[in-house]
Amino acid sequence: MTFTQNFTAVGGSLAWSAIVAVIPILYFFWALAIKKMKGYMAGVTTLLVSLILVTIAFKVPVGTAIMSATQGAVYGLLPIGWIIITSVFLYNITVKTGNFNIIRHSVLSITEDRRIQALLVAFSFGAFLEGAAGFGAPVAISAALLVGLGFNPLYAAGLCLIANTAPVAFGAIGVPITAMEGPTGIAAFEISKMVGRQLPFLAVFIPFFLVLIMTGLKKAWEVMPAILVSGISFSLTQFLSSNFLGPELPDVLSALVSLFALAVFMKFWQPKTIYRFASELKTTTDPKAIKSYSGGTILKSWSPFIILTAFISCWGIPVVKSALTGNYDGTNVILKGINAVGQAVTFTAEVPLLHNQVLNGATEEPLAAFYKLELLGAAGTAIFLAAIVTKFIFKVSWHEWGKTLVETLNEIKYPLITICSVVAYAYVTNTAGMMTTLALVLAKTGVLFPFFAPVLGWLGVFITGSDTSSNVLFAKLQQVTAESVGMEPVLALAANASGGVTGKMISPQSIAVAAAAVGLVGRESELMRFALKYSVMLLLFICILTFLQSNVLAWMIP
């Protein structure tokens, strides 16, 4: 039995349908921020609420709704959950072997100042990982690194979530941007140019914002030279690369330039006072302890993350990615071999009661639905391979290596439940058409639509946890609505991507990833409350900028 999406299912009214559609979102905020439920309980109960609403209010067949939830849960496990497992596993190996102490000292040799460390690790290194991999790896790894350096877990996770806003739109080698070309017919390069004329304004501000949150205005002003070097080098590179090279490399290049620029700058400048957290002893690190490690020892300790970077970068190259997922059709012998393996370990199956059983409410076209497990092509597999190589570099026995893996799985079992349930919720609401109902309400704002266009992206990323998914979901709607109100379509598409980055920090998936990485399982509500106000503030900035670009700053549109 087929189901046709009805965007005005509740009493034939768009307004009433939107009110019902927003209930699961409000419930999740209430469960985490007010009721202070554990993350997995908030996720599971939100899924149950959405299942009840879609079957009763939106008339989705029970079997269809349940199978949609299973499809989302599978996606939550792979690739998202797999990234968290492998990221935390790799970090745990470096800690158990004692190598993280050496990594810590190597960072301290650049600066002992916590403010600068946040810029180097949360902002620059995190942006590099976002550009190379995305899907949770940046927050998981950079937050774990900060905790290892001595940061409070809540601050480490919160800062990495906020820092991750600047690179998200160009994450995973530009996939969020290129994903919009298909449904809209607008060249990804043109969208890249427009996003590159929005996000740099945010990116140049984020380093200052991070330090301001950490220390307050006075202490932030003390390191303003370092903040400017970090922010300006990143944003300028992001603008130039997005406008002249395309959407694939802005994050990787911007991150490397800002990381290198700040590290070099710190060789010639240091703040007058070294900032530490109140809980830390007011003593300086012994310079002899810092210099007691040879360059080779330091390089060896950093090797897991260097290898990780190399693997993830390879996994992000489009032609390699196609081979890893079994879709390569070229003639290169090596890639053909990889392609054969990729095909062997890629499993695709139609979702029963769902595949081609749901008709799009606007076009009445059937919607495909598959369980897709790309084991070799998943970014988590790249991290897992890095963990295997690390085992040999650190000379860890297979017994100890396996024991660490089991401990990691036990450590993050509840975050995995959280992620699977909230992704399942996202799939259920998309199947019912609830997200489109909310989008249609925003589209009714007419001449004010340029202001509200980023809100669609913000909402989409909050629900799906992915700027790519949000862009695919709303790209066509943004384009059609923009044309109807006289707004430049490429600006609306850019607004969706840029608005989406501000929703990443409060996405349930991101919250769960961050909590798992720093040992805050069960305290996700604290992270949500920490990040929510900053998410809204940054969203408001993008809304105002987009509105101005549709009017007085129209000359900025390519």
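Summarising the local packing, NZ of K413 is surrounded by more than 12 heavy atoms from other residues, nucleotides or ligands at distances under 6.0 Å. In this structure, D329 places its CG atom where only 12 or fewer heavy-atom neighbours from other residues, nucleotides or ligands lie under 6.0 Å away. Crowding of Y414 atom OH: a count of heavy atoms from other residues, nucleotides or ligands under 6.0 Å not exceeding 12. Other residues, nucleotides and ligands contribute more than 12 heavy atoms inside 6.0 Å of the CE atom of M556.
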Side chain to side chain contact (heavy atoms under 4.5 Å, CB included) between L335 and V319, worked out: CA-CA 8 Å; L335 290 178; V319 66; 3.7 Å; yes
From CA spacing to verdict: side chain to side chain donor-acceptor pair (under 3.5 Å), Y371, T70: CA-CA 9 Å; Y371 296 118; T70 65; 2.6 Å; yes
Chi angles and distances behind the side chain to side chain contact (heavy atoms under 4.5 Å, CB included) call for M487, T546: CA-CA 10 Å; M487 179 184 180; T546 302; 4.0 Å; yes
Residue pair S535, F462: steps toward the side chain to side chain contact (heavy atoms under 4.5 Å, CB included) verdict: CA-CA 10 Å; S535 175; F462 168 74; over 6 Å; no
Side chain to side chain contact (heavy atoms under 4.5 Å, CB included) assessment of F209 paired with I162: CA-CA 9 Å; F209 198 43; I162 295 168; 4.0 Å; yes
Side chain to side chain donor-acceptor pair (under 3.5 Å) between T45 and Y27, worked out: CA-CA 9 Å; T45 53; Y27 172 81; 2.8 Å; yes
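Within the 4.5 Å cutoff, the side chain of T346 has heavy atoms near those of the T348 side chain. In this structure, the side chains of V358 and T64 come closer than 4.5 Å at one or more pairs of heavy atoms. At least one side-chain heavy atom of N164 sits under 4.5 Å from a side-chain heavy atom of P167. Side chains of R197 and N243 form a contact here, defined as non-hydrogen atoms less than 4.5 Å apart. Proximity of W458 to I506: side-chain heavy atoms (C-beta onward) are separated by under 4.5 Å at one or more points. P489 is listed as a side-chain neighbour of I186, based on a closest heavy-atom distance under 4.5 Å. Side-chain contact between V168 and E130 is present, with heavy atoms from C-beta onward closer than 4.5 Å. Under the 4.5 Å side-chain criterion, counting only non-hydrogen atoms from C-beta, K193 is not in contact with S242.
Under a 3.5 Å cut-off, the side chain of W315 and the backbone N or O of I383 do not form any donor-acceptor pair. In this structure, T46 contributes its side chain and P24 its backbone to no donor-acceptor pair below 3.5 Å. Checking side-chain atoms of T8 against main-chain N and O of L14 turns up no donor-acceptor pair under 3.5 Å. No side-chain donor-acceptor contact under 3.5 Å links S254 to the backbone of D251. Under a 3.5 Å cut-off, the side chain of T55 and the backbone N or O of I52 do form a donor-acceptor pair. Proximity of a side-chain donor or acceptor of K372 to a complementary backbone N or O of F347 within less than 3.5 Å is not detected. Between the side chain of N496 and the backbone N or O of A453, no donor-acceptor pair lies under 3.5 Å. In this structure, S142 contributes its side chain and C160 its backbone to no donor-acceptor pair below 3.5 Å.
Heavy atoms only, all atoms of each residue included: S510 and K504 are closest at OG-O, 2.8 Å. Nearest heavy-atom pair, L199 versus A169, reported as atom, atom and distance to 0.1 Å: CD1-CB, 3.4 Å. Residue F170 comes nearest to S192 through the heavy atom pair CE2-OG, 3.7 Å, listed as atom of the first residue, atom of the second, then distance. Here the closest non-hydrogen pair linking A203 and F234 is CB-CD2, 3.7 Å. P454 and L539 get closest at one heavy-atom pair: O-CD1, 3.9 Å. A378 approaches L78 most closely through the heavy-atom pair CB-CD1, 4.1 Å.
Using modelled atom types, one finds no donor on one side chain facing an acceptor on the other under 3.5 Å when comparing T2 with Q357. A donor-acceptor pair shorter than 3.5 Å cannot be found between the side chains of Q5 and N360. A side-chain donor from one of S68 and T431 sits under 3.5 Å from a side-chain acceptor of the other.
Annotation: the span from M434 atom CE to S50 atom OG amounts to 7.0 Å, rounded to 0.5 Å. Here the straight-line distance linking atom CG of L459 with atom CZ of F452 works out to 13.0 Å at 0.5 Å rounding. Summarising the geometry, atom CD1 belonging to I544 is positioned 6.0 Å from atom CZ belonging to F451; distances are rounded to the nearest 0.5 Å. Annotation: the span from T86 atom OG1 to I141 atom CD1 amounts to 7.5 Å, rounded to 0.5 Å. Taking CD of Q71 as the reference point, atom NE2 of H355 lies at 10.5 Å (rounded to 0.5 Å). Expressed to the nearest 0.5 Å, how far OG of S507 lies from CG of D467 amounts to 11.0 Å.
Under the side chain to side chain contact (heavy atoms under 4.5 Å, CB included) test applied with V345, the options L324, L375, T325 reduce to a single match, L375. When F89, Y75, F384 are each tested for a ring pair (Phe, Tyr, Trp, His ring centres under 6.0 Å) with W82, only one passes: F384.
A ring-centre distance under 6.0 Å is not found for F28 and Y425.
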